[in-house]
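Have a look at the structure below, then the notes.
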Amino acid sequence: MKQWQLGPQPGWENLERTDRPEVGPEPGPHEVVVRLRAASLNYRDLLVASLPERHVAGRVPASDGAGEVVAVGGAVTKWQVGDRVVGLFFRDWRAGRFESGYHRSALGGPVDGVMRELAVFPEHGLARLPAGFSFLEGATLPCAALTAWTALFERGRFRPGQSVLLLGTGGVSVWALQLAVAAGAEVFITSSSDAKLDRARALGAAHTVNYHRFPKWDEEVLRLSGGRGVDHVLEVGGPGTLGCSIQALAAGGHLALIGVLTGLGASEASLFPLVAKNAEVSGIYVGHAEAFAAMVRSIDRSGVRPVIDRVFSFSDVPAAYAHLSGASHFGKVVIDFDAD
Ligand SMILES: NC(=O)c1ccc[n+]([C@@H]2O[C@H](COP(=O)([O-])OP(=O)(O)OC[C@H]3O[C@@H](n4cnc5c(N)ncnc54)[C@H](OP(=O)(O)O)[C@@H]3O)[C@@H](O)[C@H]2O)c1
């Protein structure tokens, strides 16, 4: 069985290939064995591998994998051998309000993740792929797509015709762009690159801002929105972008706090404008199984397909981490387990 694990020292450069003979694993009564065929990387995987406080030597990394069921436990009713599935980020968050204990069920964090050929899941920790999706496409869904879906539709209660601001063109933002456009949004998006902004326009973005050319990109968003601001901001930048995101938000708008691309430190952002705008602020951490199923039904109907920036072979997992870390990508970075 092919497998990668985190090395003894923090750093994705220290990932270790630890293949082992293919035996079992045997599923328990309510468990399912999946032969994983593809995985995708998220910025979180860089953090888990690199931050000393997150790094666990020997942990199998990555949350997002897709594959086919190869064995089911005796009490499993939901899945059959041959079903095409993805693993859910929080195996135990089925629906409803988040509970802190669910953190212990996060794949590729506290529990072993998907960068291996065979993995055992509880039957409630899996979801079906959208119709017609390849394993490579399905592997883009569990973290990035569900986070975007939760921010827009579960917590944001997006309504068609509203405006949405996305920061950068990484995995979460490009999935959010596609889901928002499919739902009838007016999308604003920023990027460091004009070429990436051209690609965002081709996917349906109405307004684009290069944040290198416009360091005060909130002013540009306000100008493009006629001074009104945007109804939803998906804040993936963290302390370095929060102030501009608050300024760009419309009165009565929804600010979804998602990411930390500018670091984990404190923000100097002025917070009173959130009060003056009667804004709603949500902390978003991926999402639950019920939301994932709703997202899959929506994708079935809209026909949206993920933007895959580049596919790496299983042997090249460290190169895939390096590519993600370099931030030249647009959309998702994916591993093809069958490509070696
Ligand atoms: N809370 C959650 O549930 C959750 C879930 C998923 C991700 N996240 C977090 O959300 C963030 C994005 O994750 P991801 O996996 O989508 O990352 P990613 O694919 O690695 O995104 C990287 C891209 O973000 C853009 N970027 C970097 N710095 C920026 C800045 N200062 N302003 C605007 N854009 C910037 C760049 O795009 P351009 O080159 O176009 O500028 C870069 O290529 C991360 O902090 C991640 O930890 C949180």
Side-chain angles (χ1 to χ4, degrees), residues 12 40-51 54 62-64 88-90 93 98 102-103 106-109 140-152 154-155 165-178 188-201 203 205 208-218 220-221 233-245 248 256-265 267 282-288 291-292 306-310 320-334:
W12 48 261
S40 84
L41 291 181
N42 296 284
Y43 191 80
R44 167 192 185 252
D45 298 315
L46 299 174
L47 298 178
V48 169
S50 306
L51 296 177
R54 301 284 297 275
S63 56
D64 293 11
L88 295 166
F89 184 98
F90 286 118
W93 189 11
F98 190 73
Y102 296 151
H103 281 296
L107 286 181
T140 69
L141 293 168
C143 181
L146 183 56
T147 300
W149 177 271
T150 302
L152 287 167
E154 295 284 328
R155 305 288 292 283
L165 170 62
L166 306 168
L167 309 187
T169 58
V172 172
S173 292
V174 171
W175 252 120
L177 166 62
Q178 296 181 276
F188 296 66
I189 189 165
T190 71
S191 176
S192 60
S193 151
D194 287 343
K196 291 183 178 183
L197 290 174
D198 287 344
R199 294 188 67 184
R201 275 189 179 276
L203 289 170
T208 58
V209 181
N210 186 316
Y211 62 82
H212 280 169
R213 196 165 330 113
F214 294 99
K216 293 185 174 178
W217 46 267
D218 52 322
E220 195 59 9
V221 171
V233 180
L234 271 57
E235 216 321 313
V236 295
T241 53
L242 182 60
C244 287
S245 290
L257 296 176
I258 296 171
V260 291
L261 287 166
T262 61
L264 290 157
S267 173
S282 306
I284 304 290
Y285 212 140
V286 192
H288 51 59
F292 193 94
V307 177
I308 295 177
D309 172 80
R310 191 163 158 195
Y321 273 74
H323 182 62
L324 189 79
S325 159
S328 65
H329 61 286
F330 181 96
K332 293 297 296 176
V333 176
V334 176

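Indexing begins at 1, ligand by ligand and atom by atom, following the structure's order.
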Evaluate [X] for polar contact with ligand 1, using N/O atom pairs at a separation under 3.5 Å.
| X | result |
| --- | --- |
| S192 | yes |
| S328 | no |
| G171 | yes |
| S193 | no |

Specify the protein heavy atom at minimum distance from [atom]: its residue, its atom name, and the distance to 0.1 Å.
| atom | value |
| --- | --- |
| atom 48 (C) of ligand 1 | I258 O, 3.1 Å |
| atom 45 (O) of ligand 1 | V260 N, 2.7 Å |
| atom 5 (C) of ligand 1 | T147 OG1, 3.1 Å |
| atom 31 (N) of ligand 1 | T262 CG2, 3.5 Å |
| atom 43 (O) of ligand 1 | A327 O, 3.2 Å |
| atom 2 (C) of ligand 1 | I284 O, 3.5 Å |
| atom 14 (P) of ligand 1 | Y43 CB, 3.9 Å |
| atom 37 (O) of ligand 1 | T169 N, 3.3 Å |

Aromatic ring pairing F89/Y285, orientation class (parallel under 30°, perpendicular over 60°, tilted between):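 Ring orientation of F89 relative to Y285: tilted.
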Angle class for the H288/W93 ring planes (parallel below 30°, perpendicular above 60°, tilted otherwise)?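 It falls in the perpendicular class, over 60°.
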Test side chain to side chain contact (heavy atoms under 4.5 Å, CB included) applied to T150 - qualifying residues, sequence neighbours left out: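 Here the qualifying residues are L146, E154, R155, I284.
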Tell me every residue that passes side chain to side chain contact (heavy atoms under 4.5 Å, CB included) with A248, counting only those two or more places apart in sequence or in another chain.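 A248 satisfies side chain to side chain contact (heavy atoms under 4.5 Å, CB included) with L165, D218, V221 once adjacent residues are dropped.
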Can you tell me how far apart [atom1] ([X]) and [atom2] ([Y]) are? Round to the nearest 0.5 Å.
| X | Y | atom1 | atom2 | answer |
| --- | --- | --- | --- | --- |
| L324 | S40 | CG | OG | 9.0 Å |
| E235 | C244 | CD | SG | 9.5 Å |
| T147 | R44 | OG1 | CZ | 10.0 Å |

Verdict with reasoning, W217 to T241, per side-chain contact (heavy atoms from CB on, under 4.5 Å): CA-CA 10 Å; W217 46 267; T241 53; 4.0 Å; yes
Given side chains that start at C-beta, do those of H323 and H329 come closer than 4.5 Å, heavy atoms only?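 When only atoms from C-beta onward are counted, H329 and H323 do touch, with a gap below 4.5 Å.
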Please confirm whether G240 comes under 4.0 Å of ligand 1, counting heavy atoms of the residue only.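 Judged by the 4.0 Å heavy-atom criterion, G240 does not count as contacting ligand 1.
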Going by the atom numbers of ligand 1, which of them fall below 4.0 Å from some non-hydrogen atom of [X]?
| X | answer |
| --- | --- |
| V286 | 2 (C), 3 (O) |
| T241 | 31 (N), 32 (N) |
| C143 | 5 (C), 6 (C) |
| G259 | 9 (C), 10 (O), 11 (C), 45 (O) |

Indicate the atoms forming the closest heavy-atom contact of Y211 with S192, along with that distance.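 Scanning both residues completely, I find the closest heavy atoms to be CE2-N, 3.2 Å.
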Among F330, Y285, Y211, W217, which residue places a heavy atom closest to atom 36 (C) of ligand 1?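 Residue with the shortest heavy-atom distance to the ligand atom: Y211.
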Could you check whether any side-chain N or O of T169 sits under 3.5 Å from a backbone N or O of F330, counting only pairs where one atom can act as donor and the other as acceptor?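 Looks like no, no N/O pair under 3.5 Å.
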